[in-house]
Amino acid sequence: MPSSSVRYISTRGGITPVDFREAVFMGLATDGGLLLPAALPNVKDRLADWADLPYVRLAEEVISLFVGDAIPRSDLRRILEKSYSTFEHPDIVPVVQCGPVHVMELFHGPTLAFKDIALQVLGNLFEYFLAGTDNSLNIIGATSGDTGSAAIHGVRGKKKINIFIMHPCGKVSPVQERQMTTVLDRNVHNIAIKGTFDDGQRILKEIFNDLPFKRRYELGAVNSVNWARVMAQIVYYFYASLRLSRQYNVSAVQASVPTGNFGDIFAGYLAVKMGAPISRLILATNENDILAKFFNTGIYERGEVHPTISPSMDIQIASNFERYLYYRCGSNPESVKELMEIFRDSGRIEVAGVDDNFVAGSATQQEILKTIRHYHQTYGYVLDPHSAVGVAVAERNLHEKIPTVCLATAHPAKFAHAIEQALGHNPVQHPAIEKLMDLPTRLEVLPANKETVEAFIRDQLQN
Ligand SMILES: *Cc1c(COP(=O)(O)O)cnc(C)c1O
């Protein structure tokens with residue numbers, strides 16, 4: 001296929017289309033919307049060729065469609081090989097059968113959660129695009145746990161990149177804290193804020209609003225809305241659906257996805273639109289079920305966040321949902337803008353009709369624990385409390401003739417507390433986690449205000 005320029009537009013229609021490189025650095029579009037490719041490739045006639053490819057080669061095929069001529073093919077291959085060389089499993093995302101479902105393990109990267117799949121790629125894309133320029137990138141973010149550590153591991157040791165991640169001091173799990181603070185590379189700066197996660201978010205916003213500071217220190221964000229993250233996640237939907245549909249000689253499979261910010265499952269939706277052999281997506285939430293409610297009623301309504309044992313899904317406003325709305329509104333940015341304005345003002349929108357690509361449900365704390373117990377006792381497999389949400393909702397939607405793949409988003413050893421709660425003991429360990437507690441750490445504890453954080457950033461960058 002000849003390479004060509006792929007353009008990206010905003011869901012709100014307010015930007016001049018940009019190329020892939022600009023999309024990677026832009027994150028949020030300047031009109032407040034989110035970036036999407038101007039046209040989605042249809043790959044139906046490539047599926048037969050793709051069915052046998054190992055993960056990294058398949059990733060090259062899929063991702064090249066979104067990169068176009070912004071990166072030569074051989075460079076893209078090197079970037080992807082490097083990104084997945086940090087994964088500990090030769091298949092990258094092994095698919096294992098487990099009773100009535102197949103589990104696709106997305107947690108074999110450096111932080112043992114699925115965010116590594118995209119953030120390892122994003123880090124290498126940043127480094128690649130910055131090489132040979134006079135620019136550098138100083139990433140600043142606020143985390144309540146998983147995203148921060150995956151972002152740190154995505155850019156550690158990379159040239160022309162610094163990363164500053166704020167976490168609420170003493171308020172993230174010990175494993176999550178250590179996955180961040182044991183990274184000693186000089187370009188990694190952990191800031192423990194004496195305050196809450198919201199204080200971190202507030203300081204982040206204040207710093208980004210301090211335009212002279214932002215410009216002077218070339219600040220950028222890694223957030224869940226970066227297009228490259230969605231893009232990298234499309235790949236594994238093709239990987240699993242091609243493998244399983246061939247294995248069972250069926251025309252399609254269904255995929256169950258534990259959902260928080262609607263990033264992972266949105267990637268699945270794009271795979272479906274591109275022609276992946278997936279009959280439907282099972283959207284699974286925990287008790288924070290704004291998305292499940294939307295797909296069942298058409299009403300999207302803001303609520304309170306309830307803390308659960310699957311904390312990475314404790315989200316009410318799903319940052320990628322606007323991308324889905326764009327397609328749901330017939331690719332009409334005016335309608336998206338209008339809906340987002342209504343939502344901003346009233347905290348509620350309603351969309352007519354149903355989308356047959358989805359079936360949705362939520363799992364309670366009791367169901368999650370029961371699922372972990374059942375899969376351990378019956379199949380000898382330990383699910384983490386996020387993956388268990390996807391499996392619990394999948395079990396209500398099994399189909400005799402359609403294989404089901406459940407996305408496993410974290411290694412159970414990361415959430416030992418929930419596993420103990422479910423099983424009464426913890427049968428899973430992971431050497432990388434065992435080791436964490438003995439490693440040296442580096443972090444800076446700072447009071448919760450913008451001035452001290454800015455002063456710290458300035459000091460570090462001038463060193
Ligand atoms: C981030 C995360 C999720 C939710 O993914 P979204 O893309 O936000 O829907 C689920 N499980 C784990 C372990 C995660 O870290």
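Just follow the structure's listing: the first ligand is 1, and inside any ligand the first atom is 1. Every value quoted in this text rests on a predicted model; they were computed, and no experiment measured them. Computed from heavy atoms alone, side chains included, the values below leave out hydrogens, waters and symmetry copies.
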*Based purely on interatomic distance, does Ile315 place a nitrogen or oxygen under 3.5 Å from a nitrogen or oxygen of ligand 1?*
no
*Establish, from distance only, whether the side-chain atoms of Asp264 and Tyr236 form a donor-acceptor pair under 3.5 Å.*
yes
*asked:* So if I count the atoms of ligand 1 from 1 in the order they appear, which ones are less than 4.0 Å from some heavy atom of Ala410?
replied: 13 (C)
*Could you tell me which atoms of ligand 1, counted from 1 in the order shown, lie closer than 4.0 angstrom to a heavy atom of Thr259?*
9 (O)
*Hey, does Tyr327 have a side-chain heavy atom less than 4.5 Å from the side chain of Lys273?*
yes
*For the residue pair Glu287 and His306, confirm or rule out a side-chain donor-acceptor distance under 3.5 Å.*
no
*asked:* Taking the six-membered ring for Trp, are Phe25 and Phe126 closer than 6.0 Å centroid to centroid?
replied: yes
*atom 8 (O) of ligand 1 - nearest protein heavy atom and its distance*: Asn261 N, 2.7 Å
*For Met313, the ligand 1 atoms whose distance to one of its heavy atoms is below 4.0 Å*: 10 (C)
_Which residue and atom name correspond to the protein heavy atom nearest atom 7 (O) of ligand 1, and how close is it?_
Asp264 N, 2.9 Å
*Ligand-residue contact atoms, ligand 1 with Lys115, heavy atoms, under 4.0 Å*: 1 (C), 2 (C), 3 (C), 14 (C), 15 (O)
*Atoms of ligand 1 close to Gly260 [distance to a heavy atom under 4.0 angstrom, numbered from 1]*: 4 (C), 6 (P), 8 (O), 9 (O)
*Going by the atom numbers of ligand 1, which of them fall below 4.0 Å from some non-hydrogen atom of Gly263?*
6 (P), 7 (O), 9 (O)
*What do you reckon, does Phe114 put a non-hydrogen atom under 4.0 Å from ligand 1?*
yes
_Thr409 N/O to ligand 1 N/O under 3.5 Å_ = yes
*Mark yes or no: Arg323 above the aromatic ring of Phe321, with NZ or CZ under 6.0 Å from the six-membered ring centre and no more than 45 degrees from the axis.*
no
*Step by step, would you call Asp91 with Tyr239 a side chain to side chain donor-acceptor pair (under 3.5 Å)?*
CA-CA 10 Å; Asp91 295 345; Tyr239 184 80; 4.8 Å; no
*After noting the C-alpha distance and the side-chain angles of Asn288 and Asn286, does the key distance pass the side chain to side chain donor-acceptor pair (under 3.5 Å) rule?*
CA-CA 5 Å; Asn288 297 288; Asn286 61 24; 3.2 Å; yes
*Six-ring centre of Phe358, Arg280 cation under 6.0 angstrom, axis tolerance 45°*: no
